[in-house]
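What follows is a single structure, written as C-alpha cells, with notes after it.
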Amino acid sequence: VIKNKDMKLVIYHNVKKILLLLGIIFLPSLDSLASESQPHVTVYGTATTSVAIDEMNWRIRINHKNPSLEEVAKAHNSTVKEVLDFLIDNELPEHCIQTSGMEFGEYFVTSKLKGRIREGYQASSNINFKVAMTSTNDNDLDRLNFTSKYKELWTRISRMENVSLNGITYNNSKRIKHQNETRQKALLAAKDKAQKLAETLDSKIGKPLFIEEERFANSSNNFSNVYADSQPAIVNDGFAPGQIPITVQIKVSFELISE
C-alpha cells in the first residue's frame, strides 16, 4: 500500500511538472493570440542613410607551387615579406595588417595516361589589411589622398607574382552609430505611417504591441567587391569612394483605438 501511495505521489508531481512546462511553452502564444484578437494596425517603417566611405578592407592570397618542399617554403616566405614590406612602406599601421600562418600541402595534376599524380607541394597564406582615412575632416584633399592610396596599392599588388587580390570591401568607421540613428528614423517612419492609416479610418493608434527589426536585403552592407590576380593591372582612373547606403526596416504593431 505504501509503495502504491509513493508511486501515485511521484506520478502526481510529474504531471504537475508537465502541466507547468506546457504552460510556459504556450503562454507567449496565448499572449500573441490575445494581442492579435484586439484591433491593431501593423506597419513597416524603412529608412536609409547614405554615408561616405572612409575604410577599405583588402584580402590578399599568396600561393606558391614547387616540386621541392624547401623551395616552395623559401619562395613563399620571400613573397610574404615583399608584400608586408610594401604595406609598411606605404605607411599602413602594423595593427591594421593581419597575416595567417603558412599552410602546406601536396598538389596533384590529372593526366589522361597516368591519372591523378602528385606534382609537388604548395604553400599558401592570407594577408588582410585595412586602409582608413586618417583625417576626420572629410574634405576634398583627404578624399584625394584616400583615392590615391587605393590606386597605388591596386597597381603594385596586382603586378606581384603569386599574389591574388581576393576582394576589397568598403565601410564607414562610424557605421554602428549611423545604423542606430537610421533605426530610430525607421521607427518614427513606422509610427507616422500607422497614425496616418488610423486617421483615415477616424481612429488613432495606442501603445505599441510589438516591435521587430526586419533582416533587410542589404543590412549586412556587403558593398562592391573588386578582384584581381597577378595579371597586368588595368587601373580605373575614375575610381571614386562614393557612399554606402545603410538601410533599416522596422515592423511595428500598434493598438487601434476607434473614436
Distance-minimising heavy-atom pair for Leu84 and Ile97: CD2-CG2, 3.8 Å

Salt-bridge contact Lys177-Glu181 (side-chain N to carboxylate O under 4.0 Å): yes

Val163 and Ile60, any side-chain heavy atoms less than 4.5 Å apart: yes

Pairwise distance CD1(Ile257) to NZ(Lys207) - rounded to 0.5 angstrom: 9.5 Å

Min side-chain heavy-atom separation Asn66-Tyr121 under 4.5 Å: no

Any donor-acceptor pair under 3.5 Å from Asp192 side chain to Leu188 backbone: no

Atom of Asn63, atom of Ser124 and distance for their closest heavy-atom approach: OD1-CB, 3.3 Å

Sub-4.5 Å side-chain heavy-atom contact between Asp54 and Tyr170: no

Separation between CD1 of Ile250 and NZ of Lys191, rounded to the nearest 0.5 Å: 14.5 Å

Derivation and outcome, side-chain hydrogen bond (donor to acceptor under 3.5 Å, both in side chains), residues Asn126 and Arg61: CA-CA 5 Å; Asn126 298 313; Arg61 180 76 171 175; 2.9 Å; yes

Heavy-atom side-chain proximity of Thr48 to Ile246 below 4.5 angstrom: no

Close side-chain approach of Ile53 and Asn171, heavy atoms under 4.5 Å: no

Leu165 vs Arg59 side-chain heavy atoms within contact, under 4.5 Å: no

Ser78 side-chain N/O to Lys74 backbone N/O, donor-acceptor pair under 3.5 Å: no

Derivation of the side-chain contact (heavy atoms from CB on, under 4.5 Å) call for Thr182 and Asn180: CA-CA 5 Å; Thr182 307; Asn180 291 336; over 6 Å; no

Distance-minimising heavy-atom pair for Ala186 and Ala47: N-CB, 3.5 Å

Hydrophobic cluster membership, Ile62 vs Met102, 4.5 Å side-chain cutoff: no

Whether Lys149 side chain and Asn90 backbone form a donor-acceptor pair below 3.5 Å: yes

Nearest heavy atoms of Gly101 and Ser125, plus distance in Å: O-CB, 3.9 Å

Test item: Ser203 side-chain N/O and Glu199 main-chain N/O as donor-acceptor pair under 3.5 Å: no

Electrostatic pair Arg183:Glu213 at N-O distance under 4.0 angstrom: yes

Arg116 charged N/C atom sitting above Phe108 aromatic ring, 6.0 Å / 45°: yes

Donor on one side chain, acceptor on other, Ser173 and Glu55, under 3.5 Å: no

Expected output: side-chain Asn172 to main-chain Ala52 donor-acceptor under 3.5 Å: yes

Nearest-0.5 Å distance, NZ of residue Lys130 to CD of residue Gln98: 11.5 Å

Approximate separation, where rounding is to 0.5 Å, of Leu201 CG and Leu256 CG: 6.5 Å

Ile117, CD1 atom: more than 12 neighbouring heavy atoms under 6.0 Å: yes

Min side-chain heavy-atom separation Tyr44-Val252 under 4.5 Å: no

Mutual orientation of the aromatic rings belonging to Trp58 and Tyr150 [parallel < 30°, tilted 30-60°, perpendicular > 60°]: tilted

Hydrophobic cluster identity match, Phe104 and Tyr107, side-chain contacts under 4.5 Å: no

Transitive ILVMFWY side-chain link Val72 to Ile127, under 4.5 Å: no

From Lys65, His76, His64, residue fulfilling side-chain hydrogen bond (donor to acceptor under 3.5 Å, both in side chains) relative to Asn162: His64

hydrophobic_cluster_shared for Ile88 and Trp154, side chain cutoff 4.5 Å: yes

Worked verdict on Gln38 versus Glu255 for side-chain contact (heavy atoms from CB on, under 4.5 Å): CA-CA 8 Å; Gln38 67 184 97; Glu255 283 183 328; 3.2 Å; yes

Phe254 to Pro208 - nearest heavy-atom pair and separation: CD2-CA, 3.8 Å

Euclidean distance, Gln179 CD relative to Thr247 OG1, rounded to 0.5 Å: 10.0 Å

Side-chain heavy atoms of Asn57 within contact of Ile168, under 4.5 Å: no

Greater than 12 external heavy atoms within 6.0 Å of Glu106's CD: yes

From CA spacing to verdict: side-chain contact (heavy atoms from CB on, under 4.5 Å), Leu87, Leu153: CA-CA 8 Å; Leu87 296 178; Leu153 292 171; 4.1 Å; yes

Heavy-atom pair with the smallest gap, counting every atom of Thr79 and Glu161: CG2-O, 4.0 Å

Lys251 vs Glu214, salt bridge (Lys or Arg N to Asp or Glu O under 4.0 Å): CA-CA, chis, key distance, verdict: CA-CA 7 Å; Lys251 181 181 180 181; Glu214 297 291 305; 5.2 Å; no

Sidechain-backbone polar pair: Thr155 side chain, Glu152 backbone, donor-acceptor under 3.5 Å: no

Residue pair Met160, Val83: steps toward the side-chain contact (heavy atoms from CB on, under 4.5 Å) verdict: CA-CA 8 Å; Met160 291 181 179; Val83 174; 3.6 Å; yes

